[in-house]
Student: 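Dumping the structure here so I can ask a few things about it.
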Amino acid sequence: MPELPEVETTRRGIEPLICNQQITGVVLRVPKLRWPLDPHLSELLVGQRVLAVSRRAKYLLIRLEQGSLLLHLGMSGSLRMVPLQTPAGKHDHVDIHFADGQSLRFNDPRRFGLLAFFQGTPDDHPLLTHLGPEPLATDFSGTFLFQRSRKRRLAVKPFIMDQRTVVGVGNIYASEALFRAGIRPDRAAGRISLTRYEELAWQIKEVLLAALEAGGTTVSDFRQADGRPGYFKQQLQVYGRDGLPCPVCGQGIVKVSLGQRSTFFCRHCQR
DNA sequence: ATAATCACCTGCTCGC
DNA sequence: TGCGAGCAGGTGATTA
């Protein structure tokens, strides 16, 4: 999926286009994405104005005058702004029409996404209450990772991909951050020193910021709100590069499976 | 409590 | 050219 840089790129793309706009209609073309879509969504949304678009973890929050829309792109989702009459293509599951004649279109081939209306404060939504810190915030640090990992035998890669540990780090950026920090992805989380966790926390921030600057990473589906792909793929150092030389030492990058997820690393540079 | 596995979907690539 | 197997950016639920 879209990991944090892709979701944030999407947020920045759509916010200026829908902020202060009034919703005039909602079109649902499938009964469910990951979970059933509320068939009354239209009645709940029409007439409301968008106050802001924010992000928590990989969730987008479209804040309305009454309540909020919670949106997750899942593995393959993307959002685009299109003129109202644009014919729906394959996997264009939801349209939200606005008074200016534009429409926010949710495309999601694998339908693992989420779109739900929530009345209360979004932070109280059950899906958001157990999330860890934002990786780019100051409360996310090596000390935090170190403390949270003591006595954990879980491999460090699934540990940092657990959204209760830290949010926003998915399969691509987990491999990239561990490479940059020189840590083997299969090392037990509880057997990594504070010093090394400080480096890892720093590299997580660095790689996410660099990807954000490039508009995210497009593997196949992801698109920015204007339809352009993300350009960070060219800067990936290990993800998807098994068999190719390590950019640092030249030894071949290896691919292994860790917690059912493909994992890429350099046996020489990562210990 | 923690860790591993399964499940939700479609589409694409690979090997035969 | 066709077909089944395996895999893909996420994450909640279920099982040991």
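The structure presented is a predicted model; accordingly, all values stated were derived computationally and were not measured.
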Student: Between A/Gln260 (CD) and C/dG6 (P), how many Å, whole number?
Tutor: 13 Å
Student: Taking only residues two or more places apart in sequence, or in another chain, which ones meet A/Arg152 in a salt bridge (charged side-chain N to carboxylate O under 4.0 Å, His left out)?
Tutor: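 In terms of salt bridge (charged side-chain N to carboxylate O under 4.0 Å, His left out), with neighbours along the sequence ignored, A/Arg152 is linked to no residue.
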Student: Can you tell me, in whole Å, how much space there is between the P of B/dA1 and that of C/dT11?
Tutor: 23 Å
Student: Name every residue in residues 200-209 of chain A that has at least one heavy atom under 4.0 Å from any atom of DNA chain C, in order of residue number, or write none if there are no such residues.
Tutor: none
Student: Which whole-number value in Å describes the distance from A/Tyr239 OH to C/dG10 C1'?
Tutor: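 To the nearest whole Å, that distance equals 12 Å.
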Student: Under the salt bridge (charged side-chain N to carboxylate O under 4.0 Å, His left out) definition, can you give me all pairs with a residue in residues 40-54 of chain A, not counting sequence neighbours?
Tutor: A/Arg49-A/Glu65
Student: Give every residue pair that meets the ring pair (Phe, Tyr, Trp, His ring centres under 6.0 Å) criterion with at least one member in residues 25-60 of chain A, sequence neighbours excluded.
Tutor: A/Tyr59-A/His72
Student: Report yes if a side-chain nitrogen or oxygen of A/Ser262 is closer than 4.0 Å to either non-bridging phosphate oxygen (OP1 or OP2) of C/dA8; otherwise report no.
Tutor: yes
Student: C/dA8 C1' sits how many Å from A/Phe264 CZ, rounded?
Tutor: 10 Å
Student: Of the listed nucleotides (C/dG12, C/dC7, C/dG10), which one gets closest to any side-chain atom of A/Trp35?
Tutor: C/dG12
Student: So that I can compare with my own list, what are the stems of DNA chain B, taken as at least three consecutive Watson-Crick or G-U pairs with distances under 3.5 Å?
Tutor: B:2-8 with C:10-16, B:10-16 with C:2-8
Student: Tell me every residue that passes side-chain hydrogen bond (donor to acceptor under 3.5 Å, both in side chains) with A/Ser78, counting only those two or more places apart in sequence or in another chain.
Tutor: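 Per chain and number, A/Ser78 pairs via side-chain hydrogen bond (donor to acceptor under 3.5 Å, both in side chains) with no residue.
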Student: Can you label the angle between the A/Phe232 ring and the A/Tyr173 ring as parallel, tilted or perpendicular, going by 30° and 60°?
Tutor: tilted
Student: Going by the rule side chain to side chain contact (heavy atoms under 4.5 Å, CB included), which residues pair with A/Leu244 if we only count those two or more places apart in sequence or in a different chain?
Tutor: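 In terms of side chain to side chain contact (heavy atoms under 4.5 Å, CB included), with neighbours along the sequence ignored, A/Leu244 is linked to A/Arg241.
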Student: Report yes or no: does A/Lys205 contribute a side-chain atom to a donor-acceptor pair with the main-chain N or O of A/Pro135 at less than 3.5 Å?
Tutor: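 Checked: pair present.
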Student: Can you give me the first and the last nucleotide of DNA chain B (5' to 3') that has an atom within less than 4.0 angstrom of a non-hydrogen atom in chain A?
Tutor: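 First and last nucleotides in contact are B/dT2 to B/dG11.
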Student: So A/His268 and A/Val248, side chain to side chain contact (heavy atoms under 4.5 Å, CB included) or not? Walk me through it.
Tutor: CA-CA 10 Å; A/His268 178 257; A/Val248 172; over 6 Å; no
Student: Going by the side-chain contact (heavy atoms from CB on, under 4.5 Å) test, name the single residue among A/Ile96, A/Leu61, A/Val50, A/Leu44 that passes it with A/Leu69.
Tutor: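 The option that passes is A/Ile96.
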Student: Give, ordered by number, those residues of residues 103-119 of chain A having at least one heavy-atom distance below 4.0 Å to an atom of DNA chain C; if nothing qualifies, reply none.
Tutor: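 Correct list: A/Arg110, A/Phe112.
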Student: Which residues pass the ring-ring contact (aromatic ring centres under 6.0 Å, His included) test with A/His97, not counting sequence neighbours?
Tutor: none
Student: Taking N or O atoms only and anything under 3.5 Å, show me the protein contacts with nucleotides 14-16 of chain C, one pair per line.
Tutor:
none

Student: Hydrophobic clusters join Ile, Leu, Val, Met, Phe, Trp and Tyr when side-chain heavy atoms are under 4.5 Å apart, directly or via other members; which others share one with A/Val256?
Tutor: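 Listed partners: A/Val254, A/Phe265.
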